[in-house]
Amino acid sequence: MVQQYRCPAMLSHSTHSPTEVLVMNSGSSSLKFSLIDHSTEEVRVQGLAESLGTPDAVLHLSRVGREKEIYGIPNAGHSQAIATVIDQIDGSRIGAVGHRVVHGGEAFSGSIRINPAALAAIRHCVPLAPLHNPANLAGIEAAIERFPALPHVAVFDTAFHQTMPRHAFLYAIPHAFYEEHKVRRYGFHGTSHRFVSAEAARLLGKDPADLQLITAHLGNGCSACAVKGGLSVDTTMGLTPLEGLVMGTRSGDVDPNLHQFLAAALGKSLDEITAILNRESGLLGLSGLSNDMRQLAEAADQGHSRARLAIEVFCYRLAKGLLALAAGLDRIDAVVFTGGIGENSAAVREKTLSHLRILGPVLDAQLNAKHGRESGGSITGPDSRLLALVIPTNEELVIAREAARFLDHSINPPSR
Ligand code: AMP
């Protein structure tokens, strides 16, 4: 109900119909946002506030057809960053706010309009995602403070994977840990796997129900997912986003005895070892140079042997992860590459496919060089037994679509 808006800037525009969705993705010291027109799906404004809580806090803003803008917001937290964003945009058409929430545990298999019970459930999941969920909550609370009358919708990274069967999500540890403490594999990047698997179906002109895919989201965090008939049946990440593939700074799978070994050998605490596995491992740990694939590719070209090694391990472990996921499928209709690395690095795609030779891929070098962030499509040739696709992901769009589902009801609530 438009009269309920308490924000003065919005009251003055209350005759506009709400066509826009504000999408928010809050990290511990950052806030990414986009303002998306839900009917055209055009991004009107997008930006990033970073170094929040420090004197260097800064807001970068891009509006369609305008020069990039930068605002210093020293010591701003999430709340002040959101206030600055709202001051800089025309908020009068915002009808809903969509929030990325990393961990929804077993409580959420879909998106939900946030209410006190949902907030409590998200808070309940903090021990499962201690780095992410508190930041997500800070963003949600700050946005609700600013837009108290709008529907706020939580879109969970874990929700898409709630269709995994028990044999895929259980660890082989005493069952009481699952029953009493919900220790199980959850999986993450669900919005991305869901989006690119649906896009793959569209690209191939097939019903998602008839497709069996393996999607590989390769960004700073990396995970792969077996998608059968449009549903996640297995994925590489687990209880936390540390399990599975090699990532920018995360180790992915290691021997579960590693903590004990490092504690004894180096006298490190559990917390210190966990931090090493999350922040100093992966591509960064292996190369000793960088977690950024672009930088590693350049260094490898110039003969940096550890950069080369890091890329080699990354691609081999990725291929191994993709093959393991095939256990959840009857056949592989396509492997889909997405995320910053998946969309942009033809070399990583080529190397990974070379480790999948058992599936008979025949790479088309021209298509592999051509497809990327700007255009999705096949990168394998007509003789290939395995179809490999590149499909740009768009997690913000998924969140905007989910939030838009709550738009009409909140503004014109059904009379029943
Ligand atoms: P994301 O988290 O999806 O933004 O992806 C970040 C990762 O994508 C980083 O490792 C970047 O180095 C990598 N990336 C972005 N552009 C390129 C590129 N042109 N070539 C290789 N890697 C890239």
Side-chain angles (χ1 to χ4, degrees), residues 27 131 187-189 192-193 214-225 235-238 240-259 261-262 265-266 268 272-325 335-359 361 363 365 368-369 371-373 379 388 390 392-393:
L131 299 179
F188 300 86
H189 293 137
S192 180
H193 293 298
I214 299 179
T215 52
H217 177 102
L218 311 174
N220 275 319
C222 300
S223 73
C225 179
T235 188
T236 54
M237 282 179 168
T240 73
L242 183 58
E243 186 177 331
L245 307 177
V246 174
M247 312 180 211
T249 59
R250 280 173 254 170
S251 61
D253 291 340
V254 290
D255 187 320
N257 272 325
L258 187 63
H259 268 78
F261 179 85
L262 291 179
L266 306 177
K268 302 262 186 214
E272 284 171 326
I273 297 165
T274 302
I276 291 169
L277 296 181
N278 274 290
R279 303 206 182 101
E280 297 171 29
S281 300
L283 292 172
L284 174 64
L286 279 164
S287 68
L289 184 67
S290 171
N291 62 325
D292 188 309
M293 187 58 89
R294 260 168 308 199
Q295 223 176 314
L296 291 181
E298 269 175 40
D301 283 348
Q302 288 159 13
H304 193 293
S305 60
R306 289 218 352 238
R308 234 178 245 169
L309 177 69
I311 297 171
E312 196 57 56
V313 174
F314 179 92
C315 295
Y316 178 72
R317 286 273 301 276
L318 170 59
K320 193 168 147 180
L322 301 181
L323 287 172
L325 287 174
V335 166
V336 179
F337 291 95
T338 194
I341 298 172
E343 292 163 27
N344 292 301
S345 176
V348 164
R349 296 191 299 251
E350 180 175 0
K351 209 173 266 298
T352 305
L353 289 184
S354 78
H355 292 302
L356 290 176
R357 59 196 171 279
I358 198 163
L359 300 176
L363 188 77
N368 192 33
H371 287 309
R373 185 150 274 182
I379 56 169
V390 179
T393 195

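The basis for the numbers below is simple: all heavy atoms, side chains too, and nothing from hydrogens, waters or symmetry mates.
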**Student:** When rounded to the nearest 0.5 angstrom, what distance separates CE in Met237 from CE in Met247?
**Tutor:**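 The CE atom of Met237 sits 4.0 Å away from the CE atom of Met247.
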
**Student:** Mind running side-chain contact (heavy atoms from CB on, under 4.5 Å) on Ile311 and Met293 for me, showing each step along the way?
**Tutor:** CA-CA 8 Å; Ile311 297 171; Met293 187 58 89; 3.9 Å; yes

**Student:** Check for a donor-acceptor pair, side chain of Arg250 on one end and backbone N or O of Pro241 on the other, with a separation under 3.5 Å.
**Tutor:**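 Yes: the side chain of Arg250 pairs with the backbone of Pro241.
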
**Student:** So does Ala224 get a backbone contact from the side chain of Thr236, meaning a donor-acceptor N/O pair under 3.5 Å?
**Tutor:**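 Present.
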
**Student:** Determine whether His193 and Thr338 satisfy the following criterion, side-chain hydrogen bond (donor to acceptor under 3.5 Å, both in side chains), listing intermediate values before the conclusion.
**Tutor:** CA-CA 9 Å; His193 293 298; Thr338 194; over 6 Å; no

**Student:** Got more than 12 heavy atoms from elsewhere within 6.0 Å of CD1, Ile358?
**Tutor:**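 Check fails, neighbour count at 12 or below.
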
**Student:** When you measure from the side chain of Arg349 to the backbone N and O of Gly342, does any donor-acceptor pair fall under 3.5 Å?
**Tutor:**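 Confirmed, Arg349 side chain pairs with Gly342 backbone.
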
**Student:** Rounded to the nearest 0.5 Å, how far does CG of Leu353 lie from CG of Leu363?
**Tutor:**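 Between atom CG of Leu363 and atom CG of Leu353 there are 6.0 Å.
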
**Student:** Kindly compute the distance separating CZ (Phe337) from CD1 (Ile214), expressed to the nearest 0.5 Å.
**Tutor:**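 It is 10.0 Å, given to the nearest 0.5 Å.
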
**Student:** For a quick test of reading the model, state the closest non-hydrogen atom pair linking Lys268 to Glu272 and the distance between them.
**Tutor:**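 Smallest interatomic distance, heavy atoms only, reads CA-OE1, 3.3 Å.
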
**Student:** Would a 4.5 Å heavy-atom cut-off, applied to side chains only, mark Leu242 and Val254 as touching?
**Tutor:**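 Leu242 vs Val254: side chains apart.
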
**Student:** Distance from Ser281 atom OG to Asn291 atom CG, nearest 0.5 Å?
**Tutor:**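 Here the rounded value is 11.5 Å.
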
**Student:** Check step by step if side-chain contact (heavy atoms from CB on, under 4.5 Å) holds for Phe314 and Ile341.
**Tutor:** CA-CA 11 Å; Phe314 179 92; Ile341 298 172; 4.0 Å; yes

**Student:** Listed by chain and number, what are the salt bridge (charged side-chain N to carboxylate O under 4.0 Å, His left out) partners of Glu298, not counting sequence neighbours?
**Tutor:**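 Counting only residues at least two positions away or on another chain, Glu298 forms no salt bridge (charged side-chain N to carboxylate O under 4.0 Å, His left out).
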
**Student:** Tell me whether Arg306 contacts the main-chain N or O of Leu286 through its side chain, where contact means a donor paired with an acceptor under 3.5 Å.
**Tutor:**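 Answer holds: yes.
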
**Student:** Any donor and acceptor pair, going by atom type alone, linking the side chain of Asn368 with main-chain N or O of Ile379 inside 3.5 Å?
**Tutor:**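 The answer is no, because no donor-acceptor pair under 3.5 Å joins these two groups.
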
**Student:** Using a 4.5 Å cut-off on heavy atoms from C-beta on, say whether the side chain of Leu262 contacts that of Ile276.
**Tutor:**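 No, their side chains stay 4.5 Å or more apart.
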
**Student:** Report yes if the side chains of Glu312 and Lys351 come closer than 4.5 Å at any heavy-atom pair, otherwise no.
**Tutor:**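 They are in contact (side-chain heavy atoms under 4.5 Å apart), so the answer is yes.
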
**Student:** Heavy atoms only: give me the nearest Gly303-Arg308 pair and the separation to one decimal.
**Tutor:**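 It is CA-NH2, 3.5 Å.
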
**Student:** Could you tell me which non-hydrogen atom of Ala310 sits nearest to which non-hydrogen atom of Leu296, and how far apart they are?
**Tutor:**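 Where Ala310 meets Leu296 most closely, the heavy atoms are CB-CD1, 4.4 Å.
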
**Student:** Check Glu343 against Val390 and note the closest heavy-atom contact, atom names and distance.
**Tutor:**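 Result for this residue pair: CA-CG1, 3.9 Å.
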
**Student:** Considering the options Leu322, Leu245, Asp253, which one meets the side-chain contact (heavy atoms from CB on, under 4.5 Å) requirement together with Arg317?
**Tutor:**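 In the set Leu322, Leu245, Asp253, the residue that makes a side-chain contact (heavy atoms from CB on, under 4.5 Å) with Arg317 is Asp253.
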
**Student:** Minimum heavy-atom separation for Ser290 to Gln295, with atom names?
**Tutor:**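 For Ser290 versus Gln295, the nearest heavy atoms are OG-OE1, 3.2 Å.
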
**Student:** Could you tell me if the side chain of Cys222 sits less than 4.5 Å from the side chain of Val246, heavy atoms only?
**Tutor:**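 No; the side chains remain at least 4.5 Å from each other.
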
**Student:** Can you tell me how far the CD1 atom of Ile273 sits from the OG atom of Ser251, to the nearest 0.5 Å?
**Tutor:**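 Going from CD1 on Ile273 over to OG on Ser251, the span is 12.0 Å.
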
**Student:** Check step by step if side-chain hydrogen bond (donor to acceptor under 3.5 Å, both in side chains) holds for His189 and Thr235.
**Tutor:** CA-CA 10 Å; His189 293 137; Thr235 188; over 6 Å; no

**Student:** How close do Ala307 and Ser287 get, counting heavy atoms only, and between which atoms?
**Tutor:**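 Heavy atoms of Ala307 and Ser287 come nearest at CA-CB, 4.1 Å.
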
**Student:** Using ring-ring contact (aromatic ring centres under 6.0 Å, His included) as the criterion, list what pairs up with His304, not counting sequence neighbours.
**Tutor:**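 If we apply the ring-ring contact (aromatic ring centres under 6.0 Å, His included) test to His304, skipping adjacent residues, there are no hits.
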
